[in-house]
Amino acid sequence: MVARRRAPDYAAAGILVMLAVVIVWESTRWPAAAAFAGNPTLVPHSLAVLMVVTAIAIAWFAGAGMPAERGHAGGALLAIGATAALAALLPVLGVIGAGIPYLFALQRACGAPGRVSAISAFVAPIALYAVFAKGLNVPLPIGSLWPLLVN
Amino acid sequence: MFDPGLLLQGFGQVFQPEVFVFLMIGTVLGIVVGAIPGLTATMAIALLIPFTFQMNPISGIVMLLAIYASGIYGGGIASILIRTPGTPAAAATVLDGYPMAQQGHAGRAIGIATISSGIGGVFSAVCLALFAPLLATVALRFSAPEYFALAVFGLVVTMSLAGDAPIKGLAAALAGLLVAMIGLDPIGGFPRFNFGVAEFSGGLNFVAVMIGLFSLSEAFRQLETMGTSMPVPPAVRNVLPRLKEILSFWKIYIRSCVFGLVVGLTPGIGAETSSFLSYSETRRTARDPSRFGKGAPEGVAAAQSAENASTGGDLLPMLTLGVPGDAATAVLMGALTIHNLQPGPLLFQDRPDLVHQIFAGMICANVAFVIVGLVGARLFAFVVRVDRRVLVPIICLLSLIGAYAIENNPMDVWVTLIFGVVGWLMQRNGYPVSPLVLAVILGGMMESNLRRALVMGQGDVAIFLDRPIALAILAAAALTFVAVIRRMRRA
């Protein structure tokens, strides 16, 4: 149990050390400090040092404090996967074309009733598009596929 | 300086039909979002920023201010009706609001909460209008060393956002500083940390980062903890409170307004702290403290008035110094910069008309939610029953659409998604996201001003010792750091 509570902190400490290494490695490719007013590596290198010190402190106090409230990750992971698919399809199918199947699938996966999901999945993307693209003149993706199909 | 004439003109501007419509839309949206548990005003502001691009700046800003003020108030509705705070700030309202509802006084509790929030909100907005120009005048004398010191102070205080684990807050803030460095070196102008991605050469889009961290990550969290049972709120009747009862709370209001304002002014802590502080002080000084927690109307009045009294205090350092006091004002600051308005003392010098319109908008927003809240109390009571299984996926869609709308750039959609996942993972493991966002904002300010200060001092850090204001702010930052670490060791 304790080991399970400590694991995320060890992971966070590892990520911080990794980021510190990336900062130092990246800064070696920058132009020479003398070319600029003020040393461009001063803040990044200070940040890298602070990251390593903080990583040590996190590892030292791993598992301390109140455990975070957690549910079942499955629902969130499903949503992340579906949202990644939406992000990929948005430029191709547009808000309406990609939004309707996305909403319907995700709402059903969350356990929403079929009829409510069908209606809201159909209405919401169209309403959002109408309000923002037409009403507020905020350009939203229409999708690159539809002009090809029409022509 | 504060200019009553400009403030009157500001009111005139806010009552222009276009601005007024968006004020009312923002008010209704804010109450609805605040009343739905799990959705916060910060989330709503982040989501709607991209949709204000095409509005004139004052319409967009007034709408977002209305969402902010009414969202803080709206959290109390769910606290009273279903014992679940609509927003973290409304947690203290549960203590007496819910017992009142259980005793059949749900309407009375909502009425007291609405009027109390309005009193606190208007007080803090008036204080903002009076004191912000004064502070801005002082801040006009600030130079690079003082701004660097302010940024350091703000970053240290953000550690306290992590509660009893400030090291985790520090880790989040350091990650935010790295995010702030992506793009161009602030003085040399060469690209850094863009890892070969051309779109990152100008830095990550701040609004896309905020939508990911505050909106999408919260939606993922909701999906993780979502149940199928719907809460059933009690009936809401007799919402309008008696004037005599409201007047009897005058001492509570004075204390709560002062608590709220002072807490709001302190960077890093916000409405939730002020409401608990005010509630506990009201209980401590009450003739019969045993009534509290069992449906004492004074408890609702204390919590709600302090909650909204912190809003003006939160806005003050953001508007005058460009240092946001909490997550919501950090997001509002992003909204201002999107409209080419850089918060800070120069904004008061260059655009005093607009600054006074913001003051007028804030005062009107606090009056608007009182009217809308009292008139629509029965309708808003139904909002707490909204099916989150339907709503949360729509928020996910809106987050991505909002990210795309910023610059019509598909890359921003991916930035939002990545930061949504990062924010979800952070919250899941007890790492707060607010320090990350504040560090993204303060990072650029800190680095560029440190380097300018060192140039001013010809490379000698003694420049900070020669400037008393900068030195005092850095000393305050050091003391705060020590206090936070001591608190962690005690915990």
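All values reported here derive from a predicted model rather than from experimental measurement. Per chain, numbering begins at 1; letters A, B, ... match sequence-line order. Any value given below was found using the heavy atoms of this structure, including those in side chains, with hydrogens, waters and symmetry copies removed.
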Measuring heavy-atom distances to chain B, does [X] have an atom under 4.5 Å in its side chain, in its backbone, in both, or in neither?
X: Leu140(A); value: both
X: Thr83(A); value: both
X: Val116(A); value: side chain
X: Ala73(A); value: both
X: Pro91(A); value: side chain
X: Ile15(A); value: neither
X: Ala84(A); value: both
X: Ala88(A); value: both

[Y] side chain reached by [X] side chain, heavy atoms, under 4.5 Å:
X: Leu42(A); Y: Leu450(B); answer: yes
X: Glu447(B); Y: Pro44(A); answer: yes
X: Phe132(A); Y: Pro50(B); answer: no
X: Leu223(B); Y: Cys110(A); answer: yes
X: Ile401(B); Y: Tyr129(A); answer: no

Heavy-atom pair of closest approach, residues [X] and [Y]:
X: Gln107(A); Y: Pro393(B); answer: CG-CG, 3.7 Å
X: Leu397(B); Y: Pro125(A); answer: CD2-CG, 4.1 Å
X: Ile58(A); Y: Tyr431(B); answer: CG2-OH, 3.5 Å
X: Asp387(B); Y: Pro113(A); answer: OD2-CD, 4.1 Å

Hey, what do you get for [atom1] ([X]) to [atom2] ([Y]), rounding to the nearest 0.5 Å?
X: Leu128(A); Y: Ile394(B); atom1: CG; atom2: CD1; answer: 7.5 Å
X: Leu177(B); Y: Met51(A); atom1: CG; atom2: CE; answer: 7.5 Å
X: Ile80(A); Y: Ile418(B); atom1: CD1; atom2: CD1; answer: 12.0 Å
X: Ser27(A); Y: Met181(B); atom1: OG; atom2: CE; answer: 10.5 Å
X: Ile182(B); Y: Glu26(A); atom1: CD1; atom2: CD; answer: 9.5 Å
X: Arg192(B); Y: Ile23(A); atom1: CZ; atom2: CD1; answer: 10.0 Å

- Task: Among Leu417(B), Val413(B), Val392(B), Thr52(B), single out the residue with the greatest number of heavy-atom pairs under 4.5 Å to chain A.
- Result: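 Heavy-atom pairs under 4.5 Å are most numerous for Leu417(B).
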- Query: Tell me, side chain or backbone of Pro191(B) under 4.5 Å from chain A's heavy atoms, or both, or neither?
  - Reply: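 For Pro191(B), backbone heavy atoms alone lie under 4.5 Å from chain A.
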- Message: Which atoms of Leu174(B) are under 4.5 Å from chain A, going by heavy atoms: the side chain, the backbone, both sets, or neither?
- Response: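 Both the backbone and the side chain of Leu174(B) come within 4.5 Å of chain A.
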- Query: Should the heavy atoms of other residues, nucleotides or ligands under 6.0 Å from CG of Leu50(A) be counted, would the total exceed 12?
  - Reply: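 Atom CG in Leu50(A) is crowded, with more than 12 foreign heavy atoms closer than 6.0 Å.
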- Message: Heavy-atom count check: over 12 atoms from other residues, nucleotides or ligands less than 6.0 Å from Phe481(B) CZ?
- Response: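 Not buried by this count: 12 neighbours or fewer within 6.0 Å.
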- Geometric class of the Phe193(B)/Trp30(A) ring pair [parallel <30°, tilted 30-60°, perpendicular >60°]: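 Perpendicular.
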- Residue selection (most heavy-atom pairs with chain B, distance under 4.5 Å) from Ser46(A), Gly99(A), Pro139(A):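 Most heavy-atom pairs within the cutoff with chain B belong to Pro139(A).
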- Message: Under the criterion side chain to side chain contact (heavy atoms under 4.5 Å, CB included), I'd like the reasoning laid out for Glu224(B) against Leu77(A): C-alpha separation, chi angles, the key distance, then a yes or no.
- Response: CA-CA 9 Å; Glu224(B) 188 183 351; Leu77(A) 290 173; over 6 Å; no
